[in-house]
Amino acid sequence: MTNRGSIASTRLKPGLDDTDRHLVNEAARLLRAGCVVAFPTETVYGLGADAANPDAVRRIFTIKGRPANHPLIVHISHASLLNQWAREVPEAARHLAERFWPGPLTLILQRQRHVLDAVTGGQDSVGLRVPDHPLALELLHALGPEHGLAAPSANRFGRISPTKAQHVRDELGEAVDLILDGGPCRVGLESTIISFVSGEPRLLRPGGIPTGALEEEIGMKISPDDPLHPSMRASGGMPSHYAPATPLEIWPGEALWHHALALAEKEIRVAVLGLTAMPPAINNVLMRHFPMPTQAADYGRVLYDTLRQADAAGFDRLLTEAPPNEDSWRAVADRLQRAAVQF
Ligand code: TXA
Ligand code: MG
């Protein structure tokens, strides 16, 4: 028996040992019984249910507090299973799957008839991805090739995605039947989502793989989502999402410290997520610097954890420095913008 909300403390070692396998088998048993299990991926932790079990899938929505018509990604174990879930797979989509899976890429394709409305939010499309994490892949193998894991990020609707098992426990606790701990997520931001539903590739969400790398691979331009007919009900596409509880502002590097100081002088407690070093003249008990990595991939890996820490430390305001306007920074810039829009 597993205590609800308990963390199965497998720590990521090179390869999986017998303890890991035992826990993965236990997770697979729970999933087959209709339970909800949180599991690590390379991007963020997912909250998974057997994609063929409508009651289990509905529980995910209840636990997250997510609107029932927002679709979930189905995680599968290999690109060769694409046709089991999607009825039409354009050549470019297949190419991306073969090149980037396992990895932080989600493809939106026309669904096969058996894919549940509970998973797709009633849409005729399905989101598919092969996660690049040994525990997630082992879990999928334990479930068997005909099974998929329907899983959104394991956070409450609108909040920051979890990048550590403890984040899931803190936020969802006993609502989850089991939390598999695979250590901190390597990518730290969600997958890049490309839709092929209209035939041509469209970017629904920037993420773990820069769009430029995908375009280069297929020799096609990937257009932004159609603003007049946005892809329906993609929650990560809502203006306010991925949000900390503390109000967050984005400032250009030149103005960042000046503004932070002005707030601190008004006795507003401020956390600064800076890319540039804190000027030595500034030293104020009302202000704390969270120095951020200057490489996009490193920044992405620690962003959510840093936002959680700053949130928990009780600051009145979070100030972030605007990232460079470059393709590699696009996912970070996107998440900061959505985090900055207040409810
Ligand atoms: O990295 C990730 O993608 C993580 C890990 C756990 O795989 N998952 C994740 O799931 O971020 P979620 O549900 O938090 O975000 C997935 C986004 C949502 O905005 C959802 O609406 C959209 O993908 N989505 C899923 N299926 C879709 C579909 N058929 N059409 C349009 N959008 C879809
Ligand atoms: Mg999410």
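Along the sequence shown, the residues carry numbers beginning at 1. Counting starts at 1 for both ligands and their atoms, following the listed order.
Put simply, Ser153 gets within reach of the Mg ion (ligand 2), with an N, O or S atom under 2.8 Å from it.
Outside the 6.0 Å centre-distance limit, the rings of His133 and Phe39 are not counted as a close aromatic pair.
For atom 3 (O) of ligand 1, the nearest non-hydrogen atom from the set Ser191, Pro67, Ala151, Pro162 comes from Ser191. Of the candidates Gly208, Gly127, Pro71, it is Pro71 that places a heavy atom closest to atom 25 (C) of ligand 1. Ranked by closest heavy atom to atom 18 (C) of ligand 1, the top entry among His70, Arg66, Gln123 is Arg66.
Using a 3.5 Å distance cut-off with no hydrogens or angles, the side chains of Thr43 and Ser191 do not pair a donor with an acceptor. Side-chain contact, Thr163 with Asp305: no donor N or O sits under 3.5 Å from an acceptor N or O.
Close approach of ligand 1 to Thr43 (heavy-atom distance below 4.0 Å) involves ligand atoms 1 (O), 2 (C), 4 (C), 5 (C). Per-residue contacts place Ser125 under 4.0 angstrom from the following atoms of ligand 1 (heavy atoms of the residue considered): 28 (C), 29 (N), 30 (N). The ligand atoms of ligand 1 that sit less than 4.0 angstrom from a heavy atom of Glu190 are 1 (O), 2 (C), 11 (O). Contact atoms of ligand 1 toward Ile193: 17 (C), 23 (O) (distance under 4.0 Å to a heavy atom of the residue). Under a 4.0 Å criterion applied to the non-hydrogen atoms of His75, ligand 1 contributes the atoms 5 (C), 6 (C), 7 (O).
Every residue two or more places apart in sequence or in another chain that forms a salt bridge (charged side-chain N to carboxylate O under 4.0 Å, His left out) with Asp124 is listed here: Arg87, Arg111.
Checked against a 3.5 angstrom limit, the closest N/O atoms of Tyr45 and ligand 1 fall outside it. For ligand 1, the polar-atom distance check finds an N/O of Arg205 within less than 3.5 Å of one of the ligand's N/O atoms.
Residue pairs satisfying the side chain to side chain donor-acceptor pair (under 3.5 Å) criterion with at least one member in residues 93-103, sequence neighbours excluded, are listed as follows: Asn83-Arg94, His95-Glu217, Arg99-Glu217.
Taking the six-membered ring where tryptophan is involved, the planes of His259 and Trp251 are essentially parallel, since the angle between them stays under 30° and well short of 60°.
Geometrically, Arg269 engages Phe315 in a cation-pi contact, judged by NZ or CZ lying under 6.0 Å from the ring centre and within 45° of the ring axis.
With hydrogens and angles disregarded, no donor-acceptor distance shorter than 3.5 Å links the side chain of Asp334 to the backbone of Arg330.
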